[in-house]
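In this text, all values refer to a predicted model and were calculated from it rather than measured experimentally. FYI, the numbering just counts along the sequence from 1.
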Amino acid sequence: MSHERLLTFVLAGFVVLVMVRWVAERTGLPSAALLTLAGIGYSLLPGQNVVLNPEFVLTYLIPPLLYSAALDSSLLAIRRNLVTVIGLSVLLVLITALTIGAGFAWFVGGATLAAGVTIGAAVAPHDPGVALGVARRSGLPVRLVTVIQGEGLLNDATALTLLSVAITAAAGHGFSGPAALGRLLLAAAGGIVAGALVAYGVRRLRHLARDPLTANAISLATPFAAYLLAEWAGVSGVLAVVVTGLIVGHDAPRWASGASRLQTSAVWRLVDFLLEGMIFLLIGQQLPAILRDLRQYDAAVILPAVAVTVGVVLVSRPLWLLATHTLPARLGWRSGALTGREVIALSWTGTRGVISLVAVLAVPLTTVDGSPFPLRDLLVFCTLTAVLVTLLGQGLTLAPLVRLLGLHASPDDQAALRNEARSASVHAALIRLGELGAQEPELDPRQIAQMREALQVRLRRYEGRIESLRTTGAEIEGHAEGYETRAWLRHVTIDAQREELLRWRDAGRLPDAGLRVLERELDHEERMLPPG
């Protein structure tokens, strides 16, 4: 593909991303599913398609996406739900892969256990992107969002490590359960160590992270450093990236400056938007090539393979959640288990995505003796089918299911908690102000008094919100309506301030550099308001 053609494709992709996001915001449909459909539509047009290069995706696209997700996760929340997260991201992945492997060996003509485990490892990890997007828009409880997030971070490492073991076995080296388990544990332990080492190195650079540009450069380089270190050591690069992101995201609030956090957050949101969008577009475009390679197989081989793959993917997750949460809870064996409605919602968040397709495309074309890899084209087709069924089927129906189940987080409780935290922070500021007054006698008492009065006004506002949120529904609604009205008025007045600053600039009374400084002040103030 020529450079001009590639640039044209990239620009067209950006146009599609913007249009799909506009549609998704107005319809509530998941953008990942819409982008995949757009990719399929493009693939049916005459002309050349872009081939998904698995090595390129695994090396250059997956690390930043995983790192961004880890930065946005809560290490403490994952630790509180560790049993559920580990069960879904490790045990369920292994059970799903081995079950599909056994199904292929029993029902698919010409398939071996190793070949079945290969596709099983590819389709076992779910892609949390679609589920998290819908979950947040639907107001799913924070606990379920945390479980989905934590599972999505860790299951890729389990699946990709198992995939490498299965590929080795299917390529002619034989499959050994103890050897596979040992390699899995070694890769996981090494990935954790590599991730912790890189996170420690980033922490040592914290004195540079107060400059926003330097902080962004370090942040963008970090996932690649973690991935390369782990791959060089022969351990899980995916897990190293995740561990690095979790540790850095947990520690960064202690040493990163406010300006650095704002800019870094904006940069990673843009990275997520572009990379995820392009990947889902590419997934849809792989359909024609995969269908062409499928012509060599009979329907008697294709149908059982697809049925085993999709059936196990759809059934294993709800059965696992039922067995590990609902049944023990009914028997009184454990506390804090998920409710029946939560189990149903979580069962429907197992959308497969880019990791599955990239993993199966990374399967080699030949074995060690030069013969074709067994059933490779069929494995790729079954994986794409599982991705499309879950991405479009579950992705498009998750939001209606959540509404039907009546699962949503309490906005009043969350708002009260945030305002309690705000009040506590203002109390800490008042205490610190009093200490400064005693320790620094040269400070002007009038300035301290003015700052104390401003903090006390803010404290009274937060305490008033807490009191309103604890009273009856009518008062909460009145409070919410009043708050929204004040926010709208502030949006209007900020717009008026911007227009006046532009008039000053256009009249030559304010230089552009001064305009940008004042606009930045208004931008930060507006960012604290709800959408107007």
Backbone N or O of [Y] within a donor-acceptor pair of the [X] side chain at under 3.5 Å?
X: S356; Y: A122; answer: yes
X: R317; Y: H126; answer: no
X: R203; Y: I247; answer: no
X: S347; Y: V343; answer: yes
X: R352; Y: A124; answer: yes
X: S43; Y: I40; answer: yes

Over all atoms of both residues, closest heavy-atom pair of [X] and [Y]:
X: G249; Y: L71; answer: N-CD2, 3.7 Å
X: F107; Y: V308; answer: CD1-CG2, 4.2 Å
X: I192; Y: V243; answer: O-CG1, 3.8 Å
X: A226; Y: T244; answer: CB-OG1, 3.5 Å
X: Y297; Y: R376; answer: OH-N, 4.0 Å
X: A121; Y: A159; answer: O-CB, 3.3 Å

What distance do [X] atom [atom1] and [Y] atom [atom2] have between them, rounded to the nearest 0.5 Å?
X: T158; Y: L88; atom1: OG1; atom2: CG; value: 11.0 Å
X: L321; Y: L346; atom1: CG; atom2: CG; value: 5.0 Å
X: W268; Y: L65; atom1: CH2; atom2: CG; value: 8.5 Å
X: L396; Y: L401; atom1: CG; atom2: CG; value: 13.0 Å
X: L357; Y: L388; atom1: CG; atom2: CG; value: 8.5 Å
X: F381; Y: I119; atom1: CZ; atom2: CD1; value: 10.5 Å

Using side-chain heavy atoms (C-beta onward) and a distance below 4.5 Å, is [X] in contact with [Y]?
X: V310; Y: T385; answer: yes
X: E151; Y: S89; answer: yes
X: Y42; Y: V16; answer: no
X: L294; Y: I302; answer: yes
X: F104; Y: C382; answer: yes

* Pair I95-S316, side-chain contact (heavy atoms from CB on, under 4.5 Å): steps then yes or no -> CA-CA 8 Å; I95 290 173; S316 59; 5.7 Å; no
* Step-by-step side-chain contact (heavy atoms from CB on, under 4.5 Å) determination, L34 to F280 -> CA-CA 9 Å; L34 296 177; F280 283 112; over 6 Å; no
* With sequence neighbours excluded, what pairs up with F56 under the ring-ring contact (aromatic ring centres under 6.0 Å, His included) test? ->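 F56 satisfies ring-ring contact (aromatic ring centres under 6.0 Å, His included) with Y60 only.
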* Asked: Between S68 and R269, does any side-chain donor sit less than 3.5 Å from a side-chain acceptor?
  ->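 Side chains of S68 and R269: no pair found under 3.5 Å.
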* Side-chain donor-acceptor contact under 3.5 Å, D127 with T351 ->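 No.
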* To do: Sequence neighbours left out, what passes side-chain hydrogen bond (donor to acceptor under 3.5 Å, both in side chains) with E276? Give chain and number order.
  =>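 E276 satisfies side-chain hydrogen bond (donor to acceptor under 3.5 Å, both in side chains) with no other residue.
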* Quickly, which of L378, T383, V380 forms a side-chain contact (heavy atoms from CB on, under 4.5 Å) with I290? Name it, please. =>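 Among L378, T383, V380, the one meeting side-chain contact (heavy atoms from CB on, under 4.5 Å) with I290 is V380.
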* V241 vs F224, side-chain contact (heavy atoms from CB on, under 4.5 Å): CA-CA, chis, key distance, verdict -> CA-CA 8 Å; V241 172; F224 300 106; over 6 Å; no
* Worked verdict on Y227 versus L66 for side-chain contact (heavy atoms from CB on, under 4.5 Å) -> CA-CA 11 Å; Y227 186 81; L66 286 175; over 6 Å; no
